[in-house]
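Here the structure is a predicted model, which is why all the values come from computation and not from measurement. We count ligands from 1, going down the list as the structure has it; atoms in each ligand are counted the same way.
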Amino acid sequence: MASLFKDQTKLSAYRDRRFPGTQEEFEHALLTSTTVYVGNMSFYTTEEQIYELFSRTGEIKKIIMGLDKNSKTPCGFCFVLYYSREDTEDCVKYISGTILDDRPIRVDFDWGFQEGRQWGRGRSGGQVRDEYRTDYDPDILLVTYCNSVGGYGKLVQRE
Ligand code: GTA
């Protein structure tokens, strides 16, 4: 089947600041990779649940859970590695937006997993985007406050 994802600009709005190559190499990686990034996940979603959902579009090679670099616990994202490009494209097409553990997950093409990418890069240990959240998230049991200058937020334990 012909690929529906020929134009890199439509593939992903995300640019990994830590990608080691040129913009051209990044775009080529997105067009050929068999890895997806999954975001907006509940911290309680298990690898088994991910396996169950993501194997609907193809055979999975590996799942890598995203972890808080301080607590070493899941922090709301993962990488799913497929064997085939067609299965990867089907995953982005059909699974993105699915509700998993009451949350609409976001599936994005990824340039490829490398050791170290499983850790949240935020200052608190989790994902950077969580430090900018202003809404209460019952799954996370934390409230994130943005500070007025747009710097890193402060995590406050829910009482
Ligand atoms: N393929 O969308 C993605 C993606 N994200 C969000 C993270 N990763 C992704 N991969 C793909 N697509 O390996 C990967 C990273 C890394 C791991 C953890 O997940 O490549 P991270 O989320 O902790 O850190 O990554 P990252 O990606 O370096 O953070 P970044 O790019 O600064 O910001 C992520 C998001 O946070 C932004 O897209 C934006 O929505 C939000 N954000 C950042 N800064 C601000 C700000 N000032 N105000 C509001 N929102 C902000």
Side-chain angles (χ1 to χ4, degrees), residues 3-45 47 50 53-54 57-58 60-82 84-85 87-98 100-101 103-137 139-140 142-156:
S3 170
L4 293 172
F5 296 99
K6 289 204 170 78
D7 180 1
Q8 184 277 331
T9 57
K10 296 195 183 81
L11 283 185
S12 175
Y14 175 78
R15 174 74 168 91
D16 186 359
R17 295 167 289 135
R18 300 196 192 174
F19 178 74
T22 62
Q23 178 65 22
E24 202 180 17
E25 286 165 340
F26 183 72
E27 289 169 10
H28 178 75
L30 285 188
L31 281 164
T32 54
S33 157
T34 53
T35 300
V36 295
Y37 159 92
V38 187
N40 201 36
M41 282 170 38
S42 158
F43 287 18
Y44 299 111
T45 298
E47 198 170 323
I50 297 162
L53 176 63
F54 284 79
T57 60
I60 293 171
K61 191 176 187 178
K62 198 170 180 181
I63 294 170
I64 296 133
M65 298 297 287
L67 301 173
D68 181 302
K69 65 175 178 277
N70 298 325
S71 65
K72 313 285 189 276
T73 54
C75 66
F77 74 100
C78 74
F79 295 97
V80 178
L81 282 58
Y82 286 97
S84 96
R85 176 67 186 182
D87 294 346
T88 310
E89 293 187 1
D90 281 349
C91 173
V92 175
K93 249 190 296 179
Y94 300 121
I95 299 184
S96 196
T98 300
L100 181 61
D101 270 343
R103 298 175 66 86
I105 55 169
R106 184 171 68 87
V107 183
D108 191 31
F109 285 107
D110 187 71
W111 61 271
F113 178 75
Q114 288 193 348
E115 181 51 38
R117 292 197 65 209
Q118 71 271 40
W119 306 112
R121 296 172 180 174
R123 290 195 184 170
S124 64
Q127 283 214 269
V128 172
R129 63 180 50 221
D130 287 335
E131 299 187 326
Y132 296 97
R133 290 179 68 98
T134 50
D135 56 325
Y136 163 66
D137 182 341
D139 279 348
I140 298 173
L142 292 168
V143 179
T144 306
Y145 291 106
C146 236
N147 74 24
S148 57
V149 291
Y152 284 88
K154 184 174 149 204
L155 294 173
V156 179

- For ligand 1, is any non-hydrogen atom under 4.0 Å from Arg106's backbone (N, CA, C, O), its side chain (CB onward), both, or neither?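 Looking at Arg106 and ligand 1, just side chain atoms fall under 4.0 Å.
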- ligand 1 contact on Val128 by region, counting heavy-atom pairs under 4.0 Å: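 The answer is both, backbone and side chain.
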- Task: Report the distance from atom CZ of Arg103 to atom OH of Tyr44, rounding to the nearest 0.5 Å.
- Result: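 Answer for the CZ-OH pair, Arg103 versus Tyr44, is 11.0 Å.
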- Quick one: pull up CZ in Arg15 and CD in Glu27 and give me the separation to the nearest 0.5 Å.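 Nearest 0.5 Å value for the CZ-CD distance: 8.0 Å.
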- Message: Regarding atom 4 (C) of ligand 1: of the candidates Phe19, Phe109, Tyr37, Trp111, which has the closest heavy atom?
- Response: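 It is Tyr37 whose heavy atom sits nearest to atom 4 (C) of ligand 1.
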- Task: Compare Arg121, Arg123, Arg17 and give the one whose heavy atom is closest to atom 30 (P) of ligand 1.
- Result: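 Checking each option, the heavy atom nearest atom 30 (P) of ligand 1 is found in Arg17.
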- Between the main-chain N or O of Gly116 and the side-chain N or O of Gln118, is there a donor-acceptor pair closer than 3.5 Å?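 Side chain of Gln118 to backbone of Gly116: a pair is present.
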- Task: Look only at the side chain of Tyr82 and the backbone of Val36, and say whether a donor-acceptor pair between them is shorter than 3.5 Å.
- Result: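 Side chain of Tyr82 to backbone of Val36: no pair is present.
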- Partner of Phe109 under side-chain contact (heavy atoms from CB on, under 4.5 Å), chosen from Thr32, Thr35, Leu31, Leu11: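 Result for side-chain contact (heavy atoms from CB on, under 4.5 Å) with Phe109: Leu11.
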- Task: Name the orientation class of the two ring planes belonging to Phe79 and Phe113 (parallel below 30°, tilted from 30 to 60°, perpendicular beyond 60°).
- Result: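 Rings of Phe79 and Phe113: tilted, as their planes differ by 30° to 60°.
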- Check: Ser12 N/O within less than 3.5 Å of ligand 1 N/O: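 No.
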- State whether the shortest distance between N or O atoms of Trp119 and N or O atoms of ligand 1 falls below 3.5 angstrom.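 No: no nitrogen or oxygen of Trp119 is under 3.5 Å from one in ligand 1.
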- Near Gly120, which atoms of ligand 1 are under 4.0 Å from a heavy atom of that residue?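 The list of qualifying atoms is 23 (O).
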- Message: Can you tell me if Arg18 contacts ligand 1 (heavy atom of the residue under 4.0 Å from the ligand)?
- Response: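 No, Arg18 has no heavy atom closer than 4.0 Å to ligand 1.
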- Below 4.0 Å from any atom of ligand 1, is there a heavy atom belonging to Gly39?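 It does not; every heavy atom stays at 4.0 Å or beyond.
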